Amino acid sequence: MSNSTGKYRHIGTGILLVTLVAACVSTKTVPVNLQAKSQFVGKTIVLARRSLPEFAVMTAGKMATGGLFGAIGGAVAGASTVTAGRELRDRFQFTDPAAKIGPTLFDELIAAHSMTSITSNKQVTSLDPKEIAVAYSGSDFVLDVVTVNWTMLYFPTHWGHYGIQYSAKAFLIDTNSGMSVGEAYCVRSPKYSKESASYDEMLADDGARITTESEIAATSCLEEIRKKLGLTS
(Lines give C-alpha, C1' and ligand atoms only; values in the text may rest on other atoms or scores of the structure.)
Protein backbone atom coordinates (compact mmCIF):
# COMPACT_ATOMS: atom_id res chain seq x y z
CA MET A 1 0.00 0.00 0.00
CA SER A 2 2.98 2.26 -0.06
CA ASN A 3 3.31 4.91 -2.73
CA SER A 4 -0.46 4.95 -3.28
CA THR A 5 -0.71 8.58 -4.40
CA GLY A 6 -2.80 8.83 -7.53
CA LYS A 7 -3.63 5.11 -7.55
CA TYR A 8 -6.87 3.54 -6.38
CA ARG A 9 -7.02 0.15 -4.81
CA HIS A 10 -9.69 -2.16 -3.45
CA ILE A 11 -10.95 -1.50 0.05
CA GLY A 12 -9.81 -4.29 2.31
CA THR A 13 -11.92 -5.99 4.96
CA GLY A 14 -11.08 -8.40 7.72
CA ILE A 15 -8.38 -7.53 10.22
CA LEU A 16 -6.65 -4.72 8.36
CA LEU A 17 -6.19 -1.56 10.38
CA VAL A 18 -8.51 1.18 9.23
CA THR A 19 -5.57 3.57 9.10
CA LEU A 20 -3.88 1.31 6.56
CA VAL A 21 -7.00 1.35 4.43
CA ALA A 22 -7.01 5.13 4.66
CA ALA A 23 -3.44 5.21 3.39
CA CYS A 24 -4.64 3.66 0.12
CA VAL A 25 -7.05 6.50 -0.62
CA SER A 26 -6.04 9.68 -2.40
CA THR A 27 -6.87 12.79 -0.40
CA LYS A 28 -6.74 15.15 -3.37
CA THR A 29 -9.55 17.56 -4.19
CA VAL A 30 -10.80 18.08 -7.73
CA PRO A 31 -13.63 20.65 -7.85
CA VAL A 32 -16.31 20.08 -10.47
CA ASN A 33 -15.62 22.67 -13.18
CA LEU A 34 -18.18 24.65 -15.16
CA GLN A 35 -17.74 22.54 -18.27
CA ALA A 36 -18.56 19.37 -16.36
CA LYS A 37 -21.58 21.00 -14.74
CA SER A 38 -22.91 22.08 -18.13
CA GLN A 39 -22.99 18.40 -19.12
CA PHE A 40 -25.11 17.36 -16.12
CA VAL A 41 -28.40 18.79 -17.37
CA GLY A 42 -30.79 16.11 -18.54
CA LYS A 43 -28.31 13.30 -17.80
CA THR A 44 -28.82 10.27 -15.57
CA ILE A 45 -26.99 9.69 -12.30
CA VAL A 46 -26.75 6.73 -9.94
CA LEU A 47 -25.59 6.54 -6.32
CA ALA A 48 -23.01 3.79 -5.84
CA ARG A 49 -23.69 1.15 -3.23
CA ARG A 50 -21.13 -0.30 -0.83
CA SER A 51 -21.17 -2.82 1.99
CA LEU A 52 -21.14 -1.66 5.61
CA PRO A 53 -17.59 -0.43 6.39
CA GLU A 54 -15.44 -1.51 9.28
CA PHE A 55 -15.75 0.30 12.59
CA ALA A 56 -12.68 0.24 14.85
CA VAL A 57 -12.24 0.78 18.58
CA MET A 58 -8.85 2.07 19.64
CA THR A 59 -8.10 1.98 23.36
CA ALA A 60 -4.93 3.01 25.15
CA GLY A 61 -4.47 -0.57 26.36
CA LYS A 62 -4.51 -2.02 22.84
CA MET A 63 -2.05 0.56 21.56
CA ALA A 64 0.30 0.02 24.51
CA THR A 65 0.28 -3.73 23.84
CA GLY A 66 1.10 -3.13 20.21
CA GLY A 67 4.01 -0.88 21.11
CA LEU A 68 5.52 -3.42 23.50
CA PHE A 69 5.77 -6.19 20.94
CA GLY A 70 6.89 -4.38 17.81
CA ALA A 71 5.51 -5.15 14.37
CA ILE A 72 3.81 -8.38 15.42
CA GLY A 73 2.28 -6.71 18.44
CA GLY A 74 1.13 -3.83 16.27
CA ALA A 75 -0.57 -6.22 13.86
CA VAL A 76 -2.32 -7.99 16.73
CA ALA A 77 -3.39 -4.68 18.24
CA GLY A 78 -4.64 -3.53 14.85
CA ALA A 79 -6.64 -6.70 14.39
CA SER A 80 -8.16 -6.37 17.84
CA THR A 81 -9.29 -2.78 17.21
CA VAL A 82 -11.24 -3.87 14.14
CA THR A 83 -12.61 -7.00 15.78
CA ALA A 84 -13.84 -5.04 18.82
CA GLY A 85 -15.37 -2.39 16.61
CA ARG A 86 -17.06 -4.92 14.35
CA GLU A 87 -18.68 -6.57 17.35
CA LEU A 88 -20.10 -3.24 18.51
CA ARG A 89 -21.17 -2.28 14.99
CA ASP A 90 -23.08 -5.50 14.53
CA ARG A 91 -24.53 -5.57 18.06
CA PHE A 92 -25.84 -2.00 17.96
CA GLN A 93 -26.61 -1.94 14.21
CA PHE A 94 -24.68 1.25 13.51
CA THR A 95 -25.40 3.03 10.23
CA ASP A 96 -22.58 3.97 7.89
CA PRO A 97 -22.11 7.78 8.12
CA ALA A 98 -21.69 7.82 4.33
CA ALA A 99 -25.33 6.74 4.09
CA LYS A 100 -26.22 10.30 5.12
CA ILE A 101 -23.63 12.09 2.99
CA GLY A 102 -24.20 10.28 -0.30
CA PRO A 103 -28.01 10.51 -0.60
CA THR A 104 -28.00 14.18 0.44
CA LEU A 105 -25.45 15.15 -2.22
CA PHE A 106 -27.24 12.94 -4.71
CA ASP A 107 -30.57 14.73 -4.19
CA GLU A 108 -28.86 18.13 -4.36
CA LEU A 109 -27.22 17.26 -7.68
CA ILE A 110 -30.52 16.16 -9.18
CA ALA A 111 -32.34 19.27 -7.99
CA ALA A 112 -29.61 21.72 -9.04
CA HIS A 113 -28.92 20.29 -12.49
CA SER A 114 -32.22 18.68 -13.55
CA MET A 115 -30.66 15.23 -13.60
CA THR A 116 -32.57 11.94 -13.61
CA SER A 117 -32.07 9.39 -10.84
CA ILE A 118 -31.16 5.81 -11.72
CA THR A 119 -31.43 3.01 -9.16
CA SER A 120 -29.03 0.08 -9.04
CA ASN A 121 -28.57 -2.76 -6.55
CA LYS A 122 -24.98 -3.39 -7.61
CA GLN A 123 -22.30 -3.02 -4.96
CA VAL A 124 -18.72 -2.00 -5.62
CA THR A 125 -15.53 -2.49 -3.65
CA SER A 126 -13.06 -0.80 -5.96
CA LEU A 127 -11.80 2.77 -5.66
CA ASP A 128 -10.81 2.87 -9.34
CA PRO A 129 -13.12 5.27 -11.24
CA LYS A 130 -12.87 3.12 -14.39
CA GLU A 131 -14.07 0.01 -12.55
CA ILE A 132 -16.85 1.95 -10.85
CA ALA A 133 -17.90 3.37 -14.23
CA VAL A 134 -18.12 -0.13 -15.71
CA ALA A 135 -20.25 -1.34 -12.80
CA TYR A 136 -22.75 1.47 -13.35
CA SER A 137 -22.51 1.82 -17.13
CA GLY A 138 -26.29 2.13 -17.40
CA SER A 139 -26.07 5.69 -16.06
CA ASP A 140 -24.28 8.77 -17.39
CA PHE A 141 -22.75 9.67 -14.02
CA VAL A 142 -22.01 7.97 -10.71
CA LEU A 143 -21.80 9.58 -7.29
CA ASP A 144 -19.79 7.46 -4.87
CA VAL A 145 -19.18 8.36 -1.23
CA VAL A 146 -16.88 5.98 0.62
CA THR A 147 -16.24 5.74 4.34
CA VAL A 148 -12.45 5.57 4.70
CA ASN A 149 -11.91 5.66 8.47
CA TRP A 150 -14.54 5.25 11.21
CA THR A 151 -12.97 4.83 14.62
CA MET A 152 -13.83 5.29 18.27
CA LEU A 153 -10.55 6.35 19.83
CA TYR A 154 -9.19 7.63 23.11
CA PHE A 155 -7.75 11.12 23.56
CA PRO A 156 -3.96 10.87 24.00
CA THR A 157 -4.01 13.37 26.87
CA HIS A 158 -7.19 11.94 28.45
CA TRP A 159 -7.01 8.18 28.08
CA GLY A 160 -10.31 7.56 29.84
CA HIS A 161 -12.34 9.58 27.33
CA TYR A 162 -13.30 8.86 23.72
CA GLY A 163 -14.51 10.44 20.51
CA ILE A 164 -15.31 9.47 16.93
CA GLN A 165 -12.79 10.03 14.16
CA TYR A 166 -14.21 9.85 10.66
CA SER A 167 -13.08 10.39 7.10
CA ALA A 168 -14.71 9.86 3.72
CA LYS A 169 -13.95 10.20 0.02
CA ALA A 170 -16.43 11.35 -2.63
CA PHE A 171 -16.14 10.71 -6.35
CA LEU A 172 -18.29 12.03 -9.19
CA ILE A 173 -17.59 9.86 -12.22
CA ASP A 174 -18.42 10.18 -15.90
CA THR A 175 -19.20 6.61 -16.99
CA ASN A 176 -18.57 7.34 -20.68
CA SER A 177 -14.94 8.32 -20.11
CA GLY A 178 -14.40 6.33 -16.92
CA MET A 179 -12.86 9.46 -15.43
CA SER A 180 -13.59 11.29 -12.23
CA VAL A 181 -14.90 14.82 -12.87
CA GLY A 182 -14.82 15.68 -9.18
CA GLU A 183 -13.20 14.34 -6.00
CA ALA A 184 -13.14 15.45 -2.39
CA TYR A 185 -11.75 14.02 0.83
CA CYS A 186 -12.99 14.98 4.27
CA VAL A 187 -11.82 14.21 7.79
CA ARG A 188 -13.24 14.99 11.20
CA SER A 189 -11.08 14.47 14.27
CA PRO A 190 -12.70 14.73 17.72
CA LYS A 191 -11.60 17.34 20.24
CA TYR A 192 -11.55 16.72 23.94
CA SER A 193 -13.92 18.68 26.16
CA LYS A 194 -15.46 18.32 29.60
CA GLU A 195 -18.41 16.63 27.90
CA SER A 196 -16.28 13.94 26.27
CA ALA A 197 -17.57 10.47 27.17
CA SER A 198 -15.90 7.57 28.91
CA TYR A 199 -15.75 4.15 27.28
CA ASP A 200 -18.82 2.95 29.18
CA GLU A 201 -20.71 6.13 28.35
CA MET A 202 -19.96 5.69 24.66
CA LEU A 203 -21.51 2.19 24.79
CA ALA A 204 -24.49 3.04 27.01
CA ASP A 205 -28.03 2.90 25.58
CA ASP A 206 -27.04 0.66 22.68
CA GLY A 207 -24.15 2.89 21.68
CA ALA A 208 -26.30 6.04 21.47
CA ARG A 209 -23.30 8.32 21.97
CA ILE A 210 -21.40 6.59 19.16
CA THR A 211 -24.42 7.01 16.89
CA THR A 212 -24.79 10.69 17.77
CA GLU A 213 -21.13 11.51 17.27
CA SER A 214 -21.04 9.54 14.00
CA GLU A 215 -23.99 11.61 12.76
CA ILE A 216 -22.18 14.81 13.74
CA ALA A 217 -19.13 13.61 11.85
CA ALA A 218 -21.27 12.84 8.80
CA THR A 219 -22.79 16.33 8.86
CA SER A 220 -19.34 17.89 9.12
CA CYS A 221 -18.03 15.80 6.21
CA LEU A 222 -21.10 16.58 4.12
CA GLU A 223 -20.45 20.30 4.47
CA GLU A 224 -16.75 19.88 3.70
CA ILE A 225 -17.34 17.76 0.60
CA ARG A 226 -20.08 20.05 -0.66
CA LYS A 227 -17.76 23.04 -0.31
CA LYS A 228 -14.76 21.34 -1.93
CA LEU A 229 -16.70 20.02 -4.90
CA GLY A 230 -18.92 23.05 -5.37
CA LEU A 231 -21.62 20.72 -6.66
CA THR A 232 -24.62 22.99 -6.25
CA SER A 233 -23.09 26.42 -6.81
Side-chain angles (χ1 to χ4, degrees), residues 1-2 4 9-25 27 49-102 123 125 127 145-169 185-221:
M1 292 185 183
S2 61
S4 60
R9 300 171 185 263
H10 292 271
I11 296 178
T13 56
I15 63 173
L16 289 178
L17 253 179
V18 180
T19 50
L20 293 181
V21 175
C24 294
V25 179
T27 61
R49 295 169 60 90
R50 293 183 178 271
S51 60
L52 189 63
E54 296 289 6
F55 175 69
V57 176
M58 187 179 296
T59 64
K62 286 185 174 64
M63 293 304 100
T65 299
L68 285 174
F69 296 98
I72 294 177
V76 172
S80 67
T81 65
V82 175
T83 299
R86 188 183 299 150
E87 290 174 354
L88 293 181
R89 181 200 67 185
D90 294 344
R91 187 202 318 171
F92 297 139
Q93 296 295 297
F94 293 145
T95 300
D96 180 6
K100 174 178 181 178
I101 301 170
Q123 284 193 348
T125 58
L127 289 172
V145 180
V146 189
T147 288
V148 176
N149 178 15
W150 185 19
T151 305
M152 182 179 112
L153 76 171
Y154 68 97
F155 293 97
T157 56
H158 298 84
W159 286 14
H161 295 84
Y162 291 77
I164 297 295
Q165 184 166 12
Y166 180 75
S167 61
K169 176 79 178 190
Y185 179 84
C186 72
V187 59
R188 179 188 181 272
S189 296
K191 296 181 180 179
Y192 173 78
S193 72
K194 293 186 295 184
E195 287 72 38
S196 295
S198 67
Y199 184 90
D200 290 339
E201 289 170 339
M202 291 291 283
L203 270 59
D205 300 322
D206 294 332
R209 185 66 176 262
I210 296 174
T211 297
T212 297
E213 293 199 20
S214 294
E215 290 174 349
I216 292 172
T219 298
S220 175
C221 261

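Computed from a prediction, not measured in an experiment: that's the story for all the values here.
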Inset, instruction - Work out which heavy atom in V148 is nearest to a heavy atom in K169; give both atom names and the distance. - result: CG2-N, 3.9 Å
Inset, instruction - Test side chain to side chain contact (heavy atoms under 4.5 Å, CB included) on Q93 and D206 and set out the steps. - result: CA-CA 9 Å; Q93 296 295 297; D206 294 332; over 6 Å; no
Inset, instruction - Mind listing the closest non-hydrogen atom pair of G85 and V57 along with its distance? - result: CA-CG2, 3.6 Å
Inset, instruction - For R89 and P53, indicate whether the former's side chain and the latter's backbone hold a donor-acceptor pair under 3.5 Å. - result: yes
Legend entry - Distance-only side-chain donor-acceptor flag, N149 / T151, under 3.5 Å: yes
Inset, instruction - Rounded to the nearest 0.5 Å, what's the gap from CG on L52 to CG on D90? Could you check? - result: 7.0 Å
Legend entry - Residues forming a side-chain contact (heavy atoms from CB on, under 4.5 Å) with S220, sequence neighbours excluded: R188
Inset, instruction - Over all heavy atoms of both residues, which pair between V145 and A98 is shortest? Give the atoms and the distance, please. - result: O-CB, 3.8 Å
Inset, instruction - Measure the acute angle between the ring planes of Y166 and W150, then classify it against the limits of 30° and 60° as parallel, tilted or perpendicular. - result: perpendicular
Legend entry - Which atom of C221 lies closest to which atom of A168, heavy atoms considered: SG-N, 4.4 Å
Legend entry - Spacing of K100 atom NZ and T95 atom OG1 [to the nearest 0.5 Å]: 11.5 Å
Inset, instruction - Mind listing the closest non-hydrogen atom pair of F55 and I210 along with its distance? - result: CZ-CG2, 3.8 Å
Inset, instruction - State which residues pass side-chain contact (heavy atoms from CB on, under 4.5 Å) with S189; sequence neighbours excluded, sorted by chain then number. - result: Q165, V187
Legend entry - SB check E213 R209 (cutoff 4.0 Å): yes
Legend entry - Sole candidate of Y192, Y154, F155 that passes ring pair (Phe, Tyr, Trp, His ring centres under 6.0 Å) when paired with H161: Y192
Inset, instruction - To the nearest 0.5 Å, tell me how far Y162 OH sits from S196 OG. - result: 12.0 Å
Inset, instruction - Report the distance from atom OG1 of T219 to atom CD1 of I101, rounding to the nearest 0.5 Å. - result: 8.5 Å
Legend entry - Non-hydrogen atoms of L88 and F94 that approach each other most closely: O-CE1, 3.8 Å
